[in-house]
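Report on the following structure.
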Amino acid sequence: MSKPRILVARAIFSDIVDRLREHFDVEANPDDVIWTQQELAARLADKDGVLTTGSQSVDAALLAAAPRLKICANMAVGYNNFDVDAMTAAGVQGTNTPDVLTDTTADFGFALLMATARRLTESEHYLRAGQWTKWSYDMFAGSDIHGSTLGIIGMGRIGQGIAKRGAHGFGMKVIYHNRSRLAPALEADCKATYVGKEELLRTADHVMLVVPYSAASHHTIGAAELALMKPTATLINIARGGIVDDAALAVALREQRIAAAGLDVFEGEPSVHPDLLTVPNVVLTPHIASATVPTRRAMANLAADNLIAFFDGRGPLTPVNQPVPGLRA
Ligand code: 8YV
């Protein structure tokens with residue numbers, strides 16, 4: 001019997017592609033070419049499965065062009081690149097990579113918070129530019145992490161990891177806002193107190209965004225929300241581009257209506273709003289919150305395992321939808 005045909009849409013670890021080749025007839029993308037939707041659709045015309053990253057959109061048009069496609073295994077925990085309703089209606093399974101990146105991403109949230117509050121990159125640029133000729137009492141004076149109030153918007157696995165780091169490691173007071181309140185035992189574990197969004201924005205010294213992207217969470221932080229924040233506050237976005245109105249944020253930073261921001265994700269990335277590139281009080285990183293070698297390997301392996309389990313008939317390991325089986329032959 002011939003093997004199912006799989007597309008690996010972006011370059012990933014070659015040994016994991018080799019592992020997939022033991023199970024599937026694989027077309028890979030070792031040169032990491034960024035295909036247009038049309039090019040992707042053409043490659044999927046004869047495929048049974050695809051390993052995607054967050055940079056491939058799976059929508060109704062793509063599904064219509066890929067009549068054999070039965071599963072899209074995303075190498076990411078977020079899956080806003082999937083039109084899940086269209087996939088479910090078309091009988092296509094979606095999977096993601098939860099858990100394996102939680103601690104790495106929570107570590108990075110903290111790294112970005114500390115770099116932002118303590119003005120790490122700004123001061124390094126100053127030093128490298130040869131501008132450091134004397135010490136002064138207020139040189140790059142930032143804001144404290146320890147003992148401050150951390151406000152977390154989005155209290156899933158990564159949000160909880162950040163809460164624990166803040167409360168247990170840095171003695172922070174942790175407040176959070178989420179669609180639903182955590183169970184009391186989880187709240188106690190995270191030492192986190194549930195508050196309304198407005199109270200969080202008004203009282204937090206540092207606001208961390210970890211909420212998944214959807215139409216409902218688009219521009220969770222815009223001009224009105226920025227206006228509620230303390231002028232000494234920092235804002236950290238490790239969630240998704242589009243959760244923050246980047247243009248409004250650039251204005252708030254330039255006018256010092258908030259102290260600083262740390263951003264790992266951007267509206268329209270890899271493009272970055274030009275005004276964010278010119279304000280000094282922002283730390284910018286290119287969507288690397290999950291980027292450690294062990295974690296990226298774990299993500300790629302979990303995406304591969306989802307494909308293998310699905311075609312073995314064991315069912316997907318980490319599904320994001322429940323399509324009616326057998327809609328696609
Ligand atoms: C990925 C991410 O690196 O998992 C996610 O949701 O945002 C990142 O960890 C990125 O989406 C690549 O697929």
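Every number for a ligand or one of its atoms is a count from 1 in the order of the listing.
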Would you please classify the geometry between the F110 ring and the F170 ring as parallel, tilted or perpendicular, with 30° and 60° separating the classes?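 Ring orientation, 0 to 90° scale: parallel.
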
Would the H177 and Y194 ring centres measure less than 6.0 Å apart? yes

What does the 4.0 Å heavy-atom contact list look like for ligand 1? T53, G54, M75, A76, V77, G78, L101, R240, H287, S290, R296, M299

With sequence neighbours excluded, residues passing side chain to side chain contact (heavy atoms under 4.5 Å, CB included) with D46: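 Testing D46 for side chain to side chain contact (heavy atoms under 4.5 Å, CB included), a comparison that skips the adjacent residues, returns R5.
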
Should the pair R19-E22 be classified as a salt bridge under the 4.0 Å nitrogen-to-oxygen rule?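 Salt bridge between R19 and E22, a charged N being under 4.0 Å from a carboxylate O: no.
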
Test log, rule side-chain hydrogen bond (donor to acceptor under 3.5 Å, both in side chains), inputs T292 and T295: CA-CA 5 Å; T292 65; T295 291; 3.2 Å; yes

For the side chain of S214 and the backbone of A216, is there at least one donor-acceptor N/O pair under 3.5 Å apart?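 Flag set: sc S214 to bb A216 pair under 3.5 Å.
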
